[in-house]
There are 2 protein chains.
Amino acid sequence: MKLEAELKSTKPMQPRQRALLNIMFTASWLDCFLSRQLRPYGLTGPQYNILRILNGSYPKGLSVLDIKSRMIDRSSNVSRLVEKLRLSGLVERVPHAEDRRMVIVSISEPGKKLLTEIEKARFTDGHGTPGSKLTESEAMELAHLLDKFRE
Amino acid sequence: MKLEAELKSTKPMQPRQRALLNIMFTASWLDCFLSRQLRPYGLTGPQYNILRILNGSYPKGLSVLDIKSRMIDRSSNVSRLVEKLRLSGLVERVPHAEDRRMVIVSISEPGKKLLTEIEKARFTDGHGTPGSKLTESEAMELAHLLDKFRE
DNA sequence: TTTCGTTTAATGTCAAAACATTTAAGTTTG
DNA sequence: CAAACTTAAATGTTTTGACATTAAACGAAA
C-alpha cells in the first residue's frame with residue numbers, strides 16, 4: 001500500500017517530506033515484522049542484531065564498544081543486552097588479557113545453532129522475505145538513495 | 001557515509017539485505033536527528049507526530065483511534081501521549097456528543113503556535129534538512145521503492 | 001611515581017514502548 | 001428487554017530506550 005493510504009494523508013506531500021516519512025514508516029513496519037519472527041525464539045531485534053554481529057566476527061569476539069559501533073540502533077545499552085544473552089547461554093564473556101577494562105564477547109555454540117535455525121525458518125514461514133518484491137537492481141538503487149539521504 | 005562503513009561491515013551483503021539494513025539504520029539515524037531538534041521544545045517524536053496530524057485535520061479534531069491509525073509508529077499509546085500534550089496545553093479533549101465512548105482531540109492555539117515556531121527554526125538551524133542532498137525526482141524514486149519494499 | 005585526563009564498561013534513573021487487561025458505551029441477537 | 005458481542009479509551013505491568021553518572025583501568029605528563 002502507498003504511504004498516503006497507510007497514513008490516511010489528505011494533503012499532498014513534498015517529495016523530500018514524503019521520502020522522510022516513508023523511511024520512518026517502513027522502518028517501523030519492518031520492526032514489527034521482524035519482532036514477530038523473533039518472538040518464538042525469545043529474542044528482541046537488538047539482541048538478534050548483536051548475535052549476528054558476533055557471528056560475523058566469529059571465532060574472534062568483540063568488545064562492548066566494538067559491538068555498539070556496529071549496531072543498527074546505536075542508542076541501545078549493549079552491556080545489559082549482552083548480559084541477557086549470556087544468561088540465555090547464547091554468548092560468552094571473557095575479560096581481555098591485556099586491557100582489563102575490556103570484556104570480549106563471543107557467540108557460543110548454542111548461539112550459532114539458534115541463528116542457523118532462525119535462518120532456516122525464515123525461508124519456510126510463508127510470509128516471504130521483506131523486500132522480495134524488489135529486483136536486485138532496485139534494491140541496490142534503494143540502498144544508494146538511502147546513503148545519499150543521510151549525507 | 002555508506003552503510004558498510006557505518007556498520008564496519010566486512011563481508012559483502014546481498015542487495016535486499018543491504019536495503020533492509022539501510023532502511024533500519026537510516027530510520028534510527030533520522031530518529032536521533034529529529035529528537036535533537038525537538039528536545040528544546042520538550043517534545044518527543046511521537047508527540048510531534050500527533051501534533052502534526054491534528055494540525056492537518058484542523059479545525060476538526062480526531063478520535064484517539066483515528067490519530068493512532070495515522071501515526072508513523074502504530075505501537076504508541078495514544079491515550080497517554082495525548083494526556084501529556086493536554087497537560088502542556090497543546091491539545092484539547094472534548095467528549096464526543098453522540099458516541100460517549102469517543103474523545104475528540106484537537107490542536108489548541110498554543111499547539112499551532114509551537115508547530116510554526118518549530119517549522120521556522122528548522123530552516124535556520126544550520127544542520128540543513130535531512131534528505132536535502134536528494135533531488136526532487138530522487139526523493140520520489142526513494143519513496144516509490146520503499147512502497148514497493150513493503151508489498 | 002603521582003596526578004590528571006581518557007577510555008571502557010557497568011549502573012542508576014526516568015520516561016516510553018510493548019504488550020495485555022479493564023472499564024464503559026454502543027450494537028446485535030434471542 | 002436482556003444477554004452476548006463489539007468497539008473505544010484508559011490503565012496496569014514489565015521491559016526497553018535514553019541519558020547521565022559512576023567505577024575501574026589505562027596512558028600521559030609533571
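Within every chain, numbering begins at 1; the chains are lettered A, B, ... in the order of the sequence lines, protein sequences first and strands thereafter.
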Compare the minimum distances between each of C/dG26, C/dT11, D/dA8 and the side chain of B/M102, then state the nucleotide with the smallest one.
D/dA8
Separation of atom CG in B/L65 from atom C1' in C/dG26, rounded to whole Å
14 Å
Closer than 4.0 Å, any side-chain N/O of A/S63 to the OP1 or OP2 of C/dA9?
yes
On DNA chain C, check which nucleotide each of A/V103 and B/A97 is closest to and give me the residue with the more 5' one.
A/V103
Hey, is B/E83 close enough to B/R86 for a salt bridge, meaning N to O under 4.0 Å?
yes
Nearest-Å distance for atom pair CD/P, residues B/E98 and D/dA8:
15 Å
Short side-chain N/O contact to D/dT16 OP1/OP2 from A/K84, under 4.0 Å
yes
Without decimals, in angstroms, what is the distance between A/D73 CG and C/dA16 P?
17 Å
Side chain of B/P46 only, please: which of C/dG26, C/dA17, D/dG17 is the nearest?
C/dA17
Expressed as a whole number of angstroms, how long is the span from A/L81:CG to C/dA9:P?
14 Å
Are A/H96 and A/R101 side-chain neighbours, meaning at least one heavy-atom pair lies under 4.5 Å?
no
Close aromatic pair by centroid cut-off 6.0 Å: A/W29 and A/F33:
yes
Atom pair distance, as rounded to whole Å: CD1 in A/I104 and P in C/dA9
7 Å
Using only side-chain N and O atoms of B/R100, determine if any of them is under 4.0 Å from OP1 or OP2 of D/dA8.
no
Mind calculating the distance between CG (B/N49) and C1' (C/dA16) to the nearest angstrom?
15 Å
DNA chain D nearest-nucleotide lookup for B/R39 and A/T44: closer to the 5′ end is A/T44
At less than 4.0 Å, is any side-chain N or O atom of A/R93 found next to OP1 or OP2 of C/dA10? Yes or no.
yes
Would you say the side chain of A/R80 and the base of C/dG12 hold a donor-acceptor pair, judged only by whether the two atoms sit under 3.5 Å apart?
yes
Whether the side chain of B/Q17 engages the backbone of B/Q14 through a donor-acceptor N/O pair (distance < 3.5 Å, no angle test) should be reported.
no
Output the single nucleotide from D/dC26, D/dG17, C/dG26 whose closest atom is nearest the side chain of A/S76.
D/dG17
Please determine whether a side-chain nitrogen or oxygen atom of B/R101 lies at a distance below 4.0 Å from atom OP1 or OP2 of D/dA10.
no
Which sits closer to the 5' end of DNA chain D, A/N77 or B/V64, going by the nucleotide each is nearest to?
B/V64
CZ (A/R74) with more than 12 external heavy atoms under 6.0 Å:
yes
Just how far, in rounded Å, is P of C/dA10 from NE2 of A/H96?
14 Å
If you compare every side-chain N and O of B/S79 against the phosphate oxygens of D/dA9 (OP1, OP2), does one of them come in below 4.0 Å?
no
Would you kindly give the CG-to-P distance between A/D31 and D/dT16, to the nearest whole Å?
14 Å
Quick one: does any side-chain atom of B/D147 pair with a main-chain N or O of A/L3 as donor and acceptor, under 3.5 Å?
yes
